[in-house]
Amino acid sequence: MSSVLFDRIALIGIGLIGSSIARDIKESGLAGTLVISTRSEATLKRAEELGLGDLYVSSAADAVKDADLVIVSVPVGSSGMVAEQIAANLKPGAILTDVGSTKASVIAQMAPHVPAGVHFIPGHPLAGTEKSGPDAGFAGLFRGRWCIFTPLPDTDVAALERLREFWIALGSKIDEMDPEHHDKVLAIVSHLPHIIAYNIVGTADDLEAVTESEVIKYSASGFRDFTRLAASDPTMWRDVCLHNKDAILEMLARFSEDLAYLQRAIRWGEGDKLFELFSRTRNVRRSIIEAGQDVDAPDFGRHALDPKS
Ligand code: NAP
């Protein structure tokens, strides 16, 4: 068990990410008191049933009173509204952070509401699954994963250090970058793959007759991995697309260009070009495994389905 890092932590939003943070805080004893708030009574009740916090408060504004650390874990399109709701009750000297998947937009939405004397440090843990809601979270989600801070130019060094300590206690590795750079990097490593997955699964779904039979039946052969990504939370991903528009459009343009190259190589039977690309991409996979970002087990590290279960 780690020691208490903050006397009072308030979590606003208790879905996959919020509830995973809550479980880690509880397990490691990082907070004197853990206060939980979320938009709907049903989710708040579920969080209480799961025993995720110490106090459960309907109003986000009430929840942040006296909190030393406030973590906002809501879809990025709602972060401005939450900041507006809680601003007046934030304690001077408190740290306010978020976990949103886009950073420039979250900063633009939240920063104008943050009162002087409150340390706003935007963050993004690069960890998650395709599931959502408080039941989906689990302790250890952030272990060995990167958490990226995008601090504002005048960020208090001591506050940054305290937040760093918090995420390290959750097992994360910390990096810092400016928000625009973060949004570009994430557009290619996370946002584009999700958009491609939504698109391919949508295309298959349009082929209705096929979807109902062969696509489902034979889905072990590649399509299944896309369906996992394409099952991600629609609200979260709608917001990511709307709030990282420029970087996503730039990556989509590059992707389309490269796809046209591939299309041409296939049309003209240019096997050497195909082989060269597929060899290069295989090396990327190898590098990811060497960097400890995935395991070298077949089936992308997931357990094979047990035919008996
Ligand atoms: P989630 O499981 O869908 O949970 C979202 C939470 O936000 C719920 O507690 C929900 O409350 C609340 N919420 C939704 N709309 C709200 C609003 N308008 N005002 C206040 N609360 C609202 O989502 P999540 O996966 O935890 O994602 C939370 C954040 O983490 C997002 O910004 C996402 O970009 C980021 N993130 C996600 C992942 C991932 O893989 N999922 C990874 C890294 C970062 P109710 O249920 O009460 O409505």
Side-chain angles (χ1 to χ4, degrees), residues 15-21 23-24 27-28 73 76 97-103 122-132 136-151 163-198 200-201 220 222-233 236-237 240-241 244 247-248 250-252 254-255 258 277-305:
L16 168 72
I17 299 297
S19 74
S20 296
I21 296 173
R23 286 171 168 98
D24 278 340
E27 216 173 89
S28 303
S73 309
V76 290
T97 189
D98 79 301
V99 297
S101 306
T102 71
K103 295 277 52 95
H124 178 203
L126 304 192
T129 73
E130 69 278 20
K131 302 275 170 47
S132 51
F138 55 92
L141 173 63
F142 309 104
R143 205 173 297 138
R145 299 284 158 212
W146 287 103
C147 181
I148 300 176
F149 296 154
T150 59
L163 190 62
R164 178 189 288 272
E165 242 182 277
F166 173 80
W167 280 102
I168 288 174
L170 266 53
S172 291
K173 305 178 282 183
I174 313 292
D175 219 344
E176 278 180 34
M177 51 181 81
D178 70 64
E180 289 72 25
H181 186 69
H182 165 278
D183 289 355
K184 269 198 181 176
V185 172
L186 268 292
I188 190 68
V189 301
S190 170
H191 307 170
L192 193 63
H194 277 84
I195 290 166
I196 292 167
Y198 281 123
I200 193 171
V201 177
F223 183 69
R224 187 183 57 186
D225 289 309
F226 284 110
T227 61
R228 188 183 65 77
L229 285 183
S232 299
D233 190 70
M236 170 185 159
W237 284 97
V240 168
C241 289
N244 196 20
I248 289 175
E250 185 187 327
M251 295 309 163
L252 267 174
R254 294 182 72 119
F255 174 81
D258 293 342
L277 175 66
F278 300 165
S279 304
R280 203 150 49 86
T281 56
R282 181 176 246 196
N283 287 337
V284 173
R285 171 82 187 149
R286 205 166 288 142
S287 309
I288 287 171
I289 290 159
E290 278 165 16
Q293 293 298 303
D294 206 347
V295 289
D296 197 15
D299 199 20
F300 289 87
R302 291 192 301 283
H303 298 296
L305 289 176

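- The aromatic rings of His182 and His124 sit perpendicular to each other, their planes meeting at more than 60°, with 30° as the lower class boundary.
- For Asp98, the side-chain hydrogen bond (donor to acceptor under 3.5 Å, both in side chains) partners are Lys103, not counting sequence neighbours.
- In this structure a side-chain-to-backbone donor-acceptor pair under 3.5 Å is missing from Arg164 to Ile174.
- Residues meeting the side-chain hydrogen bond (donor to acceptor under 3.5 Å, both in side chains) test with Glu165, sequence neighbours left out: none.
- Partners of Arg254 under the side-chain contact (heavy atoms from CB on, under 4.5 Å) rule, at least two apart in sequence or in another chain, are Met251.
- Of the possible donor and acceptor atoms, none in the side chain of Asp175 sits under 3.5 Å from a partner among the backbone N and O of Phe149.
- Within the 3.5 Å criterion, the main-chain N or O of Lys131 finds a donor-acceptor partner in the side chain of Thr129.
- Looking only at distances, a side-chain donor or acceptor of Ser20 sits under 3.5 Å from a matching main-chain atom of Phe138.
- With sequence neighbours left out, the ring-ring contact (aromatic ring centres under 6.0 Å, His included) criterion links Phe166 to no other residue.
- A side-chain donor-acceptor contact under 3.5 Å links Tyr198 to the backbone of Ser232.
- Remark: Ser132 pairs with Asp233 by the side-chain hydrogen bond (donor to acceptor under 3.5 Å, both in side chains) rule, at least two apart or across chains.
- Pairs passing the salt bridge (charged side-chain N to carboxylate O under 4.0 Å, His left out) check and including a residue from residues 183-197, sequence neighbours excluded, read Lys184-Glu250.
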